[in-house]
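The structure appears below as C-alpha cells.
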Amino acid sequence: MTRYALRCASLAVALGLWQLLTGQDIDLWLRFSQFPTVTDVAHAFADRLAGPDYWTDLTDSLTRILTGFLLAAVLGVATGVLVARSRLAEDLLGPVLEVIRPIPAIALVPVAILLFPSNEQGIVFITCTAAFFPVLVSTRHAVRALTPVWEEAVRTMGGGRWRVLGSVVLPGALPGVFGGLSVGIGVSWICVISAEMISGQYGVGYRTWQDYTVVDYPGVFVGMATIGVLGWLTSTAVELLGRRLTRWLPRTSYVPAVRPKSARAGAATSRAGTAVRKEPELEEARDEHLVRD
C-alpha cells in the first residue's frame, strides 16, 4: 500500500506542477504560457468521451497495434529461434536482417504505401516491423545463452529435436523473449501513431495531428495522454503475462533482507564456539594418528 500511495503521490505532484506552471503563465526558459492547463485538458477529454469519434479512434488504434504486435511476436520468436539454432539460417537470413534492422520503421511508410493496396494494411505492416526486430534480437540472444547441459540431458534420455525445442529451448528463452516483447510493444505504439499521422484516416495519432493543424492544443494533449495510458496498459499486460508464464523463475525483492545485529552476533558466537570445539577434536585425532604410527 505504501508503494501504491507513493506512485499516486508522484502523479499528483506532476499534475499539480503542470497546473501551477501553466495556470500562472510562467515563462523562464521554457514557455509554459503556451501550454493548456490541466483543467483545460480535462474539459477537452470529457467532451471527447461524450462523442463517438474518440471511441472509433481508440478501437482502430488498438486493432492495428494488436494485429501488428501479434504478428511480430510470432514471426520474431520463430525467426530468432531458427537463426540461433541453425547455421544455415543464420548465413541466409542474418545479412538481410542486419541490413534492414537499422532502418526506422517509420521510414518504411513510402514502402508500405507502394506495397499494400490499403492504408490499413500498410499501418499494420509498419507496426509489425517495429516490434519484429526487438523480439528477434532478444530471442536470438536468449536461445544462444542457454546451458548446453540441459539439451544434452534431454538427448541422453532419448528426446529428439522437437522435444528439445519444447522442453528446453522455448521455456529457457522465455525471460529473454518477454524482454523483447516489452520493448517491442512500446516501439509499436511509437510507430503506429506516427503512421496514423502520415497515412491514416482514423486513430489516436490521426486525431492528434488533426487537432494540431486546427490549433486545438487541449485536444493534442488529450491524444498524448490517451497514447500514454494505452501504452502503459499494454506494456503492463505483456509484463504480467511474462511473469505468469515464468513464475517458476526465482524472484528478487526490491529491498535485500538484512539480518539483525543480534542474529549476526549470535551467528558469529556460534561459529566461534564451533571452531573452539573443533580444535580439541582435531588435536585428539592428530594424537591418535601419531600413536597408531
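- Cluster membership for Ile185 and Val77, using ILVMFWY side-chain heavy atoms within less than 4.5 angstrom, is shared.
- Salt-bridge formation is detected for the pair Glu151/Arg85: a Lys NZ or Arg NE/NH1/NH2 atom is positioned less than 4.0 Å from an Asp or Glu carboxylate oxygen.
- Residues Thr22 and Gln34 have side chains not in contact (no heavy-atom distance under 4.5 Å, counting atoms from C-beta outward).
- Contacts classified as side chain to side chain donor-acceptor pair (under 3.5 Å) and involving residues 211-222 (residues at least two apart or in different chains) are given here: Arg48-Asp211.
- To the nearest 0.5 Å, atom OG1 of residue Thr208 and atom CG of residue Asp57 are 8.5 Å apart.
- Annotation: Trp18, atom CH2; neighbour count of heavy atoms from other residues, nucleotides and ligands within 6.0 Å is above 12.
- Nearest heavy atom pair, residue Ser138 against residue Gly176, reads CB-O, 3.2 Å.
- With 3.5 Å as the limit, one finds a donor-acceptor pair spanning the side chains of Asp40 and Thr37.
- The backbone N or O of Gly160 lies less than 3.5 Å from no partner atom in the side chain of Arg163, so there is not a single donor-acceptor pair.
- Within the model, atoms OG of Ser118 and CD1 of Ile113 stand 11.5 Å from one another, a figure rounded to the nearest 0.5 Å.
- Taking 4.5 Å as the limit, every side-chain heavy atom of Leu115 sits out of range of all side-chain heavy atoms of Leu108.
- With respect to the salt-bridge test (charged N to carboxylate O, under 4.0 angstrom), the residues Arg144 and Glu90 qualify.
- Under the 4.5 Å side-chain heavy-atom criterion for Ile, Leu, Val, Met, Phe, Trp and Tyr, Ile227 and Leu15 are members of the same hydrophobic cluster.
- The CG atom of Leu11 sits 12.5 Å away from atom CG of Leu6, with the distance rounded to the nearest 0.5 Å.
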| request: Show the numbers, then the answer: is there a side chain to side chain contact (heavy atoms under 4.5 Å, CB included) between Met224 and Val220? | output: CA-CA 6 Å; Met224 293 170 60; Val220 172; 4.0 Å; yes
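- One finds the CG atom of Leu174 at 6.5 Å from the CG atom of Leu245 (value rounded to the nearest 0.5 Å).
- Residues Thr67 and Thr127 fail the side-chain proximity criterion, which asks for heavy atoms closer than 4.5 Å.
- Residues Phe132 and Leu71 fail the side-chain proximity criterion, which asks for heavy atoms closer than 4.5 Å.
- Salt-bridge check for Glu196 with Arg207: failed, with every basic side-chain N at 4.0 Å or more from each acidic carboxylate O.
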| field | Evaluation steps, side chain to side chain contact (heavy atoms under 4.5 Å, CB included), between Val183 and Val135 | value | CA-CA 8 Å; Val183 176; Val135 178; over 6 Å; no
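- Nearest approach of Val143 to Ala173, heavy atoms of both residues: CG2-CB, 3.9 Å.
- Inter-residue side-chain proximity for Leu82 and Leu93 is flagged as met; some heavy-atom pair is nearer than 4.5 Å.
- The shortest non-hydrogen separation linking Phe178 to Val238 is CD2-O, 3.7 Å.
- For the pair Ile100 and Phe133, the minimum side-chain heavy-atom distance is below 4.5 Å.
- Note: the hydrophobic cluster containing Leu136 also contains Val96 (ILVMFWY, side chain heavy atoms under 4.5 Å, direct or indirect links).
- Members clustered with Val229: Trp232, Leu233, by chain and number, using a 4.5 Å side-chain heavy-atom cutoff among hydrophobic residues.
- Taking CG of Leu58 as the start and CG of Asp53 as the end, the distance is 12.5 Å to the nearest 0.5 Å.
- Here the closest non-hydrogen pair linking Val204 and Ser61 is N-OG, 2.9 Å.
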| task | Could you give me the CA-CA distance, side-chain angles and deciding distance for Leu181 and Phe69, then say whether side chain to side chain contact (heavy atoms under 4.5 Å, CB included) is met? | result | CA-CA 9 Å; Leu181 292 175; Phe69 179 71; 3.8 Å; yes
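- A continuous path of ILVMFWY side-chain contacts below 4.5 Å connects Val222 to Leu49, so both sit in one hydrophobic cluster.
- At distances below 3.5 Å, not a single donor-acceptor pair connects side-chain atoms of Gln121 with backbone N or O atoms of Phe116.
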| request: Decide side chain to side chain contact (heavy atoms under 4.5 Å, CB included) for Met197 and Ile193; before the verdict, give the C-alpha distance in whole Å, the side-chain angles of both, and the deciding distance to 0.1 Å. | output: CA-CA 6 Å; Met197 288 181 176; Ile193 296 301; 3.8 Å; yes
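- In terms of the side chain to side chain contact (heavy atoms under 4.5 Å, CB included) criterion, residue partners of Leu146 (sequence neighbours excluded) are, by chain and number, Trp150, Val169.
- Between Trp189 and Val192 the shortest side-chain heavy-atom distance falls below 4.5 Å.
- A donor-acceptor pair under 3.5 Å is formed between the side chain of Thr234 and the backbone N or O of Gly231.
- Gly219 approaches Ala44 most closely through the heavy-atom pair N-CB, 4.5 Å.
- Across all their heavy atoms, Pro134 and Ala131 have their closest contact at CD-O, 3.4 Å.
- Residues Ile123 and Val109 form no side-chain contact, since every pair of their non-hydrogen atoms from C-beta on lies 4.5 Å or further apart.
- The neighbour count for Phe35 CZ, taken as heavy atoms of other residues, nucleotides or ligands under 6.0 Å away, does not exceed 12.
- In the model, Tyr54 has a side-chain atom that pairs as donor or acceptor with a side-chain atom of Thr226 under 3.5 Å.
- Rounding to the nearest 0.5 Å places CZ of Arg140 at 8.0 Å from CG of Leu97.
- Other residues, nucleotides and ligands contribute more than 12 heavy atoms inside 6.0 Å of the CZ atom of Arg155.
- In the hydrophobic cluster analysis, where Ile, Leu, Val, Met, Phe, Trp and Tyr join through side-chain heavy atoms closer than 4.5 angstrom, Leu230 is grouped together with Trp55.
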